[in-house]
Amino acid sequence: MIVPSFTAKGGITSVVNGYKNSNLEKKFRVSYIETYIEGSKFKKFLHAFKAYLTFLILLIKDKPDLVHIHSSFGASFYRKLPFIYISYLKKICILNHIHGSEIEKLYINANKIKKLLVKDAFSKCDCLIVLSNTWKVKLKNLFPETSIYVVENFSPYIFNKTHIGHEKTQILFLGFITELKGCFDLPSIVEELTKTTTNFIIKICGVGKEKELKEIIKNKKLTDYFEFLGWIDKKRKEELLEQSDIYLLPSYSEGMPMSILEAMGYGLPIIASNVGGIPEIVIDKKNGLLNTPGNSKQFAESISNLILHSDLRFKMGQESIRLIKSKYSLNIHIEKIMNIYYHFLN
């Protein structure tokens, strides 16, 4: 299995950490090869080089029956190419598990040479694994001859909330602080929100363009409504999920966010954008409220609705837990992965 470092930041790491000590390891002999580590460009290059060398040695000593590659778009795509082409030459089954959401950057808006490279690489894979039916349709239209399977992400948590709110509503965001995640819409959302209520705090946990976002918030005199906590560890994340009342993700593009699934597992109602695979896990007006990306007024109305109605928050949070138990648990995810393995190995 080709993975990022188990200590790296991001959703892919959250997924593959779930495989450790799971039924997958009980049924299959899994060797993990980490291709990415955080740090300088030189450190990343050395780590990738070591991964390629480890893979070549593995092919000689203990040739695998199947290679499961966890990939994204951008640099991740290029890092995984050697694994795809070497495995193809060695006639090893290749599963390319795609976690990215920017297909426009990878293929649709790419130049002719890059399009040919993407098409050729994907054609070498026995199948593509995607996170949602939405992404299956998109990729099937672009690569009609490629087998595509849907395996949704999962929540590693199932925690029944007993409280229905704090004196000041706690709103949580987890992820990279970027325009793509909708973070720079937050000041406008809060400006709209303060027209109806001021009884809230938005806790932002992540790294990225924190300095730029703080400057905008300061200029708009909205500092009192935000708390920046940086990148947090697993224990702190679990504490914040338990303490929060609402989970917020105003993204412009997504696959199937692990952060939303984690929040659902902690019984949180979700306020998010209706993009990518999000509408498959957040059922509008059932376990959350869906909004148009960039529509600050609409997001503010959704947040205000849940701040002012604690009973609705609790009801939606309970629906989140029900959905995790019935559709998006780790055991269900692992079972789907194993079924794909069995299909291609038999």
Side-chain angles (χ1 to χ4, degrees), residues 4-5 7-14 36-45 47 72-76 99-102 104-105 168-195 198-241 243-255 257-260 262-263 270-273 275-276 278 291 293-300 303:
S5 165
T7 59
K9 299 178 178 72
I12 301 179
T13 299
S14 297
Y36 173 82
I37 194 170
E38 289 166 356
S40 66
K41 288 183 179 179
F42 183 68
K43 187 177 180 181
K44 290 175 182 177
F45 170 79
H47 198 78
S72 187
F73 300 151
S76 175
H99 298 260
S101 62
E102 294 185 87
E104 289 79 13
K105 187 182 292 186
K168 184 177 281 192
T169 305
Q170 310 284 303
I171 303 168
L172 183 64
F173 168 89
L174 299 168
F176 291 104
I177 301 172
T178 63
E179 290 89 352
L180 195 65
K181 289 289 184 182
C183 296
F184 285 81
D185 293 334
L186 291 176
S188 298
I189 291 171
V190 169
E191 278 186 318
E192 288 289 337
L193 185 55
T194 53
K195 294 176 183 177
T198 57
N199 193 34
F200 65 91
I201 183 81
I202 298 178
K203 295 184 177 181
I204 299 178
C205 304
V207 293
K209 298 182 178 181
E210 181 179 346
K211 185 177 178 182
E212 295 94 320
L213 182 55
K214 280 183 174 179
E215 190 65 26
I216 295 169
I217 290 168
K218 182 181 176 182
N219 290 338
K220 288 179 175 286
K221 296 181 172 55
L222 298 171
T223 306
D224 290 346
Y225 299 105
F226 290 91
E227 185 176 348
F228 286 83
L229 301 174
W231 196 269
I232 54 175
D233 61 20
K234 183 174 181 288
K235 183 181 178 182
R236 181 63 176 136
K237 177 170 69 173
E238 290 170 3
E239 289 173 354
L240 286 165
L241 286 167
Q243 294 163 8
S244 297
D245 301 302
I246 297 169
Y247 186 75
L248 174 63
L249 187 64
S251 290
Y252 284 79
S253 179
E254 287 289 350
M258 280 294 288
S259 64
I260 284 183
E262 289 171 342
I270 312 299
I271 294 177
S273 306
V275 296
I278 291 178
N291 305 272
N295 191 330
S296 297
K297 186 175 181 180
Q298 188 182 29
F299 267 99
I303 297 169

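The heavy-atom pair separating K181 from L249 by the smallest distance is CD-CD1, 4.3 Å. Minimum heavy-atom separation, P4 to T13: CG-OG1, 3.7 Å. The two residues G10 and F176 have their closest heavy-atom pair at CA-CE1, 4.1 Å. Of all the heavy atoms in E192 and A300, the pair that sits closest is CB-CB, 3.4 Å. The minimum heavy-atom distance linking K237 with S14 is given by the pair NZ-OG, 4.4 Å. In this structure, P187 and L222 approach most closely via the heavy-atom pair O-CD1, 3.4 Å.
Of the residues listed (L172, L174, L240), the one engaging L229 in a side chain to side chain contact (heavy atoms under 4.5 Å, CB included) is L240, and it is the only one. Each of V190, I189, T169 was scored for a side chain to side chain contact (heavy atoms under 4.5 Å, CB included) with I303, with one residue passing: I189.
Between the CD1 atom in I171 and the CD1 atom in I204 there is a gap of 10.5 Å [rounded to 0.5 Å]. For the atom pair CG of L186 and CD1 of I217, the computed distance is 7.0 Å after rounding to the nearest 0.5 Å. Between the OG1 atom in T198 and the CG atom in L193 there is a gap of 9.0 Å [rounded to 0.5 Å]. Between H47 atom NE2 and S40 atom OG the span is 12.5 Å, to the nearest 0.5 Å. Put simply, OG on S251 and CD on E254 are 3.5 Å apart, with the number rounded to the nearest 0.5 Å. The distance from atom NZ of K203 to atom OG of S244, rounded to the nearest 0.5 Å, is 6.5 Å.
Inter-residue side-chain proximity for S76 and Y36 is flagged as unmet; no heavy-atom pair is nearer than 4.5 Å. Between I278 and P257 there is a side-chain heavy-atom pair separated by less than 4.5 Å. Between F200 and T194 there is a side-chain heavy-atom pair separated by less than 4.5 Å. Side-chain contact between N295 and P293 is absent, with no heavy atoms from C-beta onward closer than 4.5 Å.
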Decide side chain to side chain contact (heavy atoms under 4.5 Å, CB included) for T178 and C183; before the verdict, give the C-alpha distance in whole Å, the side-chain angles of both, and the deciding distance to 0.1 Å. CA-CA 6 Å; T178 63; C183 296; 5.5 Å; no

Could you walk me through whether F226 and I201 pass the side chain to side chain contact (heavy atoms under 4.5 Å, CB included) check? CA-CA 6 Å; F226 290 91; I201 183 81; 5.6 Å; no

Step-by-step side chain to side chain contact (heavy atoms under 4.5 Å, CB included) determination, F299 to S188: CA-CA 10 Å; F299 267 99; S188 298; over 6 Å; no

How far apart are the C-alpha atoms of S273 and Y252, what are their side-chain angles, what is the distance that settles it, and do they pass the side chain to side chain donor-acceptor pair (under 3.5 Å) test? CA-CA 7 Å; S273 306; Y252 284 79; over 6 Å; no

Stepwise side chain to side chain contact (heavy atoms under 4.5 Å, CB included) test for C205 and F173: CA-CA 6 Å; C205 304; F173 168 89; over 6 Å; no

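For D224, the side-chain contact (heavy atoms from CB on, under 4.5 Å) criterion is met by no residue, not counting sequence neighbours. K220 pairs by the side chain to side chain donor-acceptor pair (under 3.5 Å) definition with E191, not counting sequence neighbours. With sequence neighbours excluded, the residues that form a side chain to side chain donor-acceptor pair (under 3.5 Å) with E38 are K9. By the side chain to side chain donor-acceptor pair (under 3.5 Å) test, T7 is found to be paired with S5, residues two or more places apart in sequence or in another chain being considered. Not counting sequence neighbours, Y225 has no partner by the side chain to side chain donor-acceptor pair (under 3.5 Å) test.
Checked by atom type and distance alone, the side chain of D245 pairs as donor or acceptor with a backbone atom of Q170 at under 3.5 Å.
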Would you tabulate the side-chain donor-acceptor contacts of residues 206-215 under 3.5 Å, counting partners in other chains and residues two or more places apart, or write 'none'?
| residue | atom | partner | partner atom | Å |
| --- | --- | --- | --- | --- |
| K209 | NZ | E179 | OE1 | 2.9 |
| K209 | NZ | E179 | OE2 | 3.1 |
| E210 | OE2 | K214 | NZ | 3.0 |

